Number of protein chains: 2
Amino acid sequence: MKHTYDYPRPAVTTDCVALRFSAGHLKLVLIQRAHKPFKNAWALPGGFLDMDEDLKTCVCRELEEETGITNVFVEQIKAYGTVDRDPRGRTVSVAFLGLMNPDDSQLDAGDDASDAQWFRIDQLPKLAFDHGQVIKDALALLRTKVRSEPIGFELLPKKFPLRDLQRLYEIILDQSFDKRNFRRRILDLGVLVDVGQVEKNSKHRAAKLYRFDRKKYKQMKKNEVAFKL
Amino acid sequence: MKHTYDYPRPAVTTDCVALRFSAGHLKLVLIQRAHKPFKNAWALPGGFLDMDEDLKTCVCRELEEETGITNVFVEQIKAYGTVDRDPRGRTVSVAFLGLMNPDDSQLDAGDDASDAQWFRIDQLPKLAFDHGQVIKDALALLRTKVRSEPIGFELLPKKFPLRDLQRLYEIILDQSFDKRNFRRRILDLGVLVDVGQVEKNSKHRAAKLYRFDRKKYKQMKKNEVAFKL
DNA sequence: TGAACAAGGTGTGATTTGCACACGAAGTTT
DNA sequence: AAACTTCGTGTGCAAATCACACCTTGTTCA
């Protein structure tokens with residue numbers, strides 16, 4: 001069955017820069033291309049928009065179909081639509097940043113049944129299309145947002161020690177923080193609660209676990225108090 | 001001539017939130033709809049993406065065609081693609097923020113040959129489609145960007161008194177600043193130069209004129225000095 | 001022509017915020 | 001029990017931010 005229009009239309013796709021914080025590094029899932037343009041290069045997961053789904057729905061569906069990953073926090077980056085971005089024909093792609101929590105450790109060292117693999121963001125392979133630029137923009141967005149919104153927590157398990165939170169921020173922002181100042185600043189925001197447990201299996205003194213309290217955050221916003229790192 | 005594809009495709013459009021700073025207010029250009037969906041409501045200028053133009057080219061072209069406005073600084077907001085945003089059929093629209101400088105006072109009190117009109121952003125009429133949300137997002141983007149990048153100057157003439165710059169920031173950010181602190185902060189950034197002239201036609205003591213120096217700004221960025229209001 | 005008016009332009013001290021910094025406590029290993 | 005590793009905590013100094021008032025300049029109008 002064909003679909004016909006009075007004027008030509010570009011294809012609309014979504015792409016996802018899906019990030020995961022693991023072993024002290026930010027990692028990104030990519031898919032190796034098997035076919036013609038950019039054959040063997042690596043590309044962001046993504047695909048065509050269906051007529052009955054929203055952009056967010058589309059990017060989540062494609063991510064699951066291509067990598068098995070579900071349960072991702074997604075946020076739009078922007079649309080990419082230069083004329084020649086795909087040699088096969090005109091496409092406009094809406095890119096999303098996806099953050100997942102390492103609990104569900106779906107596909108870690110590379111589900112080798114699939115052609116999806118995780119790469120450290122500082123060790124990326126050759127990329128297809130304009131995906132290198134998309135990834136740059138995604139990381140820039142992450143850096144900006146993480147300073148003014150509590151999206152860092154999307155990359156951590158529900159319960160986490162402050163050490164991990166600090167390491168995550170250090171990785172994302174590529175700078176180091178003084179431990180005492182970092183802890184004070186984060187705790188003074190008043191959006192973390194001590195869950196009254198400590199980590200298990202630690203080789204040394206066990207750290208207390210905290211969780212992010214979304215209700216306290218909302219209240220904080222209502223009171224016009226800023227989340228500023 | 002018809003255009004046929006194997007799978008259905010949404011139409012791709014661009015929309016522009018074109019702002020102008022005039023008489024102490026931010027104003028936005030809108031077009032009154034003459035036809036069916038949202039008849040008589042007001043809509044953002046915009047239209048269909050041609051196959052041989054980039055998104056930015058498209059939004060500038062549509063803005064010129066519908067309002068006569070040229071020479072606009074544009075920056076992408078994001079793509080809007082909910083399934084039911086246009087009752088006539090599936091469309092994905094990429095929205096842009098457009099900032100223009102009041103020198104070229106093209107179409108001020110409403111070029112009445114056209115159906116385009118300027119509205120104060122705090123006095124908007126009934127809006128078509130999801131354009132109310134788009135405008136909200138545009139203003140939020142403007143507020144964010146204006147704090148960390150020198151885009152405010154896009155809304156002023158080349159030469160301007162510091163008073164006008166302060167008023168602009170106060171309007172955009174919806175807060176007032178102490179005159180002395182504001183002037184110190186802006187001048188200490190080192191990106192403004194005194195052009196050695198004063199305003200004409202002022203009813204009282206004439207203010208000195210300044211201009212934004214893009215070269216100094218670039219150098220400032222290179223030296224990793226931040227532009228922070 | 002000078003008095004009244006309106007807006008322009010300038011500096012200081014008080015408060016707050018940010019930053020650097022070190023050590024005892026807890027738990028594990030040998 | 002000694003050695004090791006990581007956890008968790010408070011203070012003082014420097015820098016940045018904020019609040020604040022008056023004289024200057026130019027115009028208008030009596």
Side-chain angles (χ1 to χ4, degrees), chain A residues 21 23-24 143 146-148 156-157 159-171 173-212 220 223-229, chain B residues 21 23-25 146-148 156-157 159-171 173-212 220 223-229:
Chain A
F21 180 57
R143 274 189 286 270
V146 89
R147 288 177 172 282
S148 60
L156 291 174
K159 302 171 186 176
F160 52 86
L162 292 183
R163 162 188 28 90
D164 286 0
L165 184 63
Q166 180 173 350
R167 298 225 173 121
L168 174 60
Y169 272 80
E170 288 178 339
I171 291 288
L173 297 172
D174 192 30
Q175 64 181 274
S176 54
F177 297 99
D178 176 82
K179 183 169 44 155
R180 284 163 292 187
N181 294 335
F182 181 85
R183 296 166 82 91
R184 182 188 21 251
R185 268 158 36 182
I186 288 287
L187 292 174
D188 286 355
L189 289 173
V191 298
L192 293 190
V193 300
D194 183 338
V195 297
Q197 296 174 268
V198 293
E199 359 174 51
K200 274 292 154 208
N201 307 325
S202 76
K203 286 235 174 82
H204 297 287
R205 177 178 176 181
K208 288 196 214 171
L209 296 176
Y210 291 82
R211 67 178 171 79
F212 171 61
M220 183 188 98
N223 303 348
E224 297 179 21
V225 184
F227 180 96
K228 280 290 165 207
L229 200 78
Chain B
F21 181 58
H25 294 282
V146 90
R147 287 177 173 283
S148 60
L156 291 174
K159 301 169 186 180
F160 53 85
L162 291 183
R163 160 186 32 89
D164 287 0
L165 184 64
Q166 181 173 350
R167 299 228 171 118
L168 174 61
Y169 273 81
E170 288 178 339
I171 292 288
L173 297 171
D174 191 31
Q175 63 181 277
S176 55
F177 297 100
D178 176 81
K179 185 171 37 158
R180 285 164 291 188
N181 294 336
F182 181 85
R183 297 167 81 91
R184 184 187 20 253
R185 267 157 38 182
I186 288 287
L187 292 174
D188 286 356
L189 289 174
V191 298
L192 294 188
V193 301
D194 183 338
V195 296
Q197 295 173 268
V198 295
E199 353 174 58
K200 275 292 154 207
N201 308 325
S202 76
K203 286 237 174 79
H204 297 288
R205 177 178 175 182
K208 287 195 217 171
L209 297 176
Y210 292 81
R211 68 178 171 79
F212 171 60
M220 184 189 100
N223 303 349
E224 297 180 20
V225 184
F227 180 97
K228 280 288 165 207
L229 200 76

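All figures in this text were calculated on a predicted structure; none of them were measured in a lab. Letters A, B, ... mirror the listed sequences (proteins, then strands); counts begin at 1. Worth knowing before you read on, the calculation uses all heavy atoms, side chains too, and leaves out hydrogens, waters and symmetry mates.
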Atom CG of B/Asp188: over 12 foreign heavy atoms under 6.0 Å: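 Atom CG in B/Asp188 is crowded, with more than 12 foreign heavy atoms closer than 6.0 Å.
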Side-chain donor/acceptor contact of B/Arg205 with base of C/dG8 under 3.5 Å: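 Flag set: donor-acceptor pair detected.
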Under-3.5 Å donor-acceptor pair between B/Lys179 side chain and C/dG9 base: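 Checked by distance alone, the answer is yes.
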How many whole angstroms separate atom [atom1] of [X] from atom [atom2] of [N]?
X: A/His204; N: D/dA3; atom1: NE2; atom2: P; result: 16 Å
X: A/Asp164; N: D/dT6; atom1: CG; atom2: C1'; result: 13 Å
X: B/Arg183; N: D/dA19; atom1: CZ; atom2: P; result: 18 Å
X: B/Lys200; N: D/dG26; atom1: NZ; atom2: P; result: 10 Å
X: A/Phe160; N: D/dC7; atom1: CZ; atom2: P; result: 15 Å
X: B/Phe182; N: D/dA19; atom1: CZ; atom2: P; result: 15 Å
X: B/Gln197; N: C/dG8; atom1: CD; atom2: P; result: 17 Å
X: B/Asn201; N: D/dT27; atom1: CG; atom2: C1'; result: 13 Å

Mind listing the closest non-hydrogen atom pair of [X] and [Y] along with its distance?
X: B/Leu229; Y: B/Arg185; answer: O-NH2, 3.0 Å
X: B/Leu162; Y: B/Phe182; answer: O-CE2, 4.2 Å
X: A/Glu199; Y: A/Pro161; answer: OE1-CG, 3.8 Å

Sugar-phosphate only, base, or nothing, as touched by A/Arg163 at under 4.0 Å among non-hydrogen atoms: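 Here A/Arg163 touches the backbone only, sparing every base.
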To the nearest 0.5 Å, tell me how far [X] [atom1] sits from [Y] [atom2].
X: A/Lys159; Y: A/Lys208; atom1: NZ; atom2: NZ; value: 15.5 Å
X: B/Ile186; Y: B/Leu165; atom1: CD1; atom2: CG; value: 5.0 Å
X: A/Leu192; Y: A/Tyr210; atom1: CG; atom2: OH; value: 8.0 Å

Heavy-atom protein contacts under 4.0 Å, nucleotides 11-18 of chain D, coded B base, S sugar-phosphate only, - none: B------B
Options D/dG8, C/dC21, D/dT24, nucleotide nearest the side-chain atoms of A/Arg180: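 Per side-chain heavy atoms of A/Arg180, the pick is C/dC21.
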Residue mapping more 5' on DNA chain D - nearest nucleotide basis, A/Glu199 or A/Asp178: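 Result: A/Glu199.
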Five-pair end axes of the helix from C/dT1-D/dA30 to C/dT30-D/dA1 and the angle they enclose, rounded to 10°: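 About 10°, once rounded to a multiple of 10°.
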Earlier contact from the 5' end, DNA chain C, for A/Lys203 and B/Tyr210: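 Checking each residue's closest nucleotide, the 5'-ward one belongs to B/Tyr210.
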Donor-acceptor contact below 3.5 Å, side chain B/Asp178 vs main chain B/Arg180: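 Yes.
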Test salt bridge (Lys or Arg N to Asp or Glu O under 4.0 Å) applied to A/Glu170 - qualifying residues, sequence neighbours left out: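 Salt bridge (Lys or Arg N to Asp or Glu O under 4.0 Å) check on A/Glu170 returns nothing, list empty.
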